[in-house]
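Here is the structure we will look at, set down as structure tokens.
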Amino acid sequence: MDSFLNIELNYNYNLLRSHSWLISYPLSYILYLGISPKTLMLLLMSLSYSLTLIIALFILLKRLNILQSTLIILTIYFWPTYLAASTGPIYFSKLFLLPALLLIINFEKFIKGTEKNFFLIILMTIICSLIHERAGFYIGLYFLFSIFYEKKFLLFKLRENIFFIIIAFLLIFYCLFYLKVFSLSPHVGSYSIGQFRINIINIFFSEYYRSHTIKMFIIILPILFLSFFNFKFFLLSLIFIVPNIITSVGGNEKIGISVHYFSYFLPFAIYGIVTGSINAIQKKYIISFFIPFILMHNLFINPYDLTNYFKYDLNKYQNYSFNKYFTKSIDLQKRIQFMNKANKMIDKDKSISMLEEHSIYFAGKGYNKISFFPIGLNQSDYLITTYEFNQTNNEELFVNTFSQNIGNIEKGKKCIKNNIEKNYKKILESDVMMNEDNNPVKRKWKFILYEKK
């Protein structure tokens, strides 16, 4: 129980072997202006999501009146898939939304023969592909699907079509090559044919997997019905949500809508919703009368309740306050105070093992010997650990794990705690923090900084 596998630390490890966030290279030059990485990413994420809605509004106003346009924009904004993702954790993937939407708008004009802006299409393709390997894969599939859907068997008639078909296959090959040869991400195993088959079976025979999958469809399908009258994008949205069905990394890819798993699906869905709604309203189809009901569904559905799938919370609108995300809560202030104190106590040349949630702060402060806890345990000079309080108010060590075996998780925690007690001493402890009142799950946390004995 006391033995612990020590992984040799190599602080020259290339983070791009987790995901191909090549966009980080051009963005890094902006940091020379003095802006912090966190501020830059928050600014870019905000622009990506807000400008997407502004562009969508302009498209609507060309065809519909201000009331109809505003109602559709609000329906998108309060869609949990959009809203939570736009205000959740920082991921490069969230920068995909804006360039992808611009790419879709211009490629649709090209493929329909109304306008040919090759420069903008190529520029947005390059930007999207730099964001993530999966972004390139989705763009490649979109090119192939769109050309075939619009041109059918005449797809090879024009040189431009052949050019984009070649680009599409290169993007798809790039993604598959990266995952097969270069990536060291623990998620790579989720993309095997064997794992896909197991996950499909789990939809029918695993309550855990089934409940997440059902909840995902309850969240996304009502608003996707608005794209039915742009059937091409209705189909695309369904196709691009398939990876969230047949993969599993703990359920986050289904209802963890504040993370990046829906980033590549969103621009296609939003374009379909906007253009489909325009067609439905102009042709006076009855589906247009459901927009207010879909808005109400988005406002009050509880996306994380897996037992009562259609549970609605009439007070849920409080969760959407901008103040919650753009002002410092008491909990966040306590977290920052702890980080600031820890920063003053640690030499930047020393090594630290911590959870990923702390690493952005310390990386921004110039630390370059960071490993993700419990990697680095017994080798790192310092540890920053997170503790969660259970229902009996006893603190429990929090460890990120891909295992769902409770017994193995508890054995691992015990082994880790034994090693901490044997090799480290506590030098700083945060005050207890509790989630905000409007969070459906009340959880208490604290952080502890340890120094090697």
May I ask you to decide if the ring planes of [X] and [Y] are parallel, tilted or perpendicular, using 30° and 60° as cut-offs?
| X | Y | result |
| --- | --- | --- |
| Phe362 | Tyr367 | perpendicular |
| Phe182 | Tyr178 | tilted |
| Tyr312 | His297 | perpendicular |

Exercise: do [X] and [Y] side chains pair donor with acceptor under 3.5 Å:
| X | Y | answer |
| --- | --- | --- |
| Asn279 | Ser277 | no |
| Ser48 | Lys94 | no |
| Asn65 | Gln68 | yes |

For side chain to side chain contact (heavy atoms under 4.5 Å, CB included), just list the numbers for Tyr149 and Phe231, CA-CA rounded to whole Å, side-chain angles, deciding distance to a tenth of an Å, and then say yes or no. CA-CA 11 Å; Tyr149 189 93; Phe231 195 67; 4.1 Å; yes
Using the benzene-type ring in the case of Trp, are the ring centres of [X] and [Y] under 6.0 Å apart?
| X | Y | answer |
| --- | --- | --- |
| Phe228 | Phe234 | yes |
| Phe107 | Phe164 | yes |
| Tyr264 | His132 | yes |
| Phe225 | Phe290 | no |
| Phe262 | Tyr82 | no |
| Phe145 | Tyr142 | no |

Apply side chain to side chain contact (heavy atoms under 4.5 Å, CB included) to Phe289 and list each qualifying residue two or more places apart in sequence or on a separate chain.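 Once residues adjacent in sequence are excluded, the partners of Phe289 under the side chain to side chain contact (heavy atoms under 4.5 Å, CB included) criterion are Ile286.
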Heavy-atom pair of closest approach, residues [X] and [Y]:
| X | Y | value |
| --- | --- | --- |
| Pro374 | Ser353 | C-OG, 4.2 Å |
| Leu101 | Ile55 | CD2-CG2, 4.2 Å |
| Phe143 | Ile167 | CE1-CG2, 4.0 Å |

Could you state the interatomic distance from [atom1] ([X]) to [atom2] ([Y]), rounded to the nearest 0.5 Å?
| X | Y | atom1 | atom2 | value |
| --- | --- | --- | --- | --- |
| Ile147 | Ile111 | CD1 | CD1 | 5.0 Å |
| Ile162 | Arg159 | CD1 | CZ | 8.5 Å |
| Ile291 | Ile281 | CD1 | CD1 | 4.0 Å |
| Thr81 | Ile255 | OG1 | CD1 | 11.5 Å |
| Glu108 | Lys232 | CD | NZ | 3.5 Å |

Expected output: side-chain Gln195 to main-chain Thr247 donor-acceptor under 3.5 Å: no
Main-chain N/O of Tyr208 paired to Ser211 side chain as donor or acceptor, under 3.5 Å: yes
Check the pair Phe217 / Ile245 against side chain to side chain contact (heavy atoms under 4.5 Å, CB included), numbers first and verdict last. CA-CA 10 Å; Phe217 277 110; Ile245 302 171; 3.4 Å; yes
Working for side chain to side chain contact (heavy atoms under 4.5 Å, CB included), residues Asn343 and Phe338: CA-CA 9 Å; Asn343 178 47; Phe338 172 81; over 6 Å; no
Apply the test side chain to side chain contact (heavy atoms under 4.5 Å, CB included) to residues Ile278 and Val274: give CA-CA distance (whole Å), side-chain angles for both, the deciding distance (0.1 Å), then the verdict. CA-CA 6 Å; Ile278 289 172; Val274 168; 4.3 Å; yes
With Phe240 as partner, the option from Tyr261, Phe268, Phe265, Phe96 fulfilling ring-ring contact (aromatic ring centres under 6.0 Å, His included) is Phe268
Please table the atom pairs, donor to acceptor, closer than 3.5 Å between any side-chain atom in residues 168-176 and protein atoms at least two apart or in another chain.
residue	atom	partner	partner atom	Å
Tyr174	OH	Ser20	OG	3.0

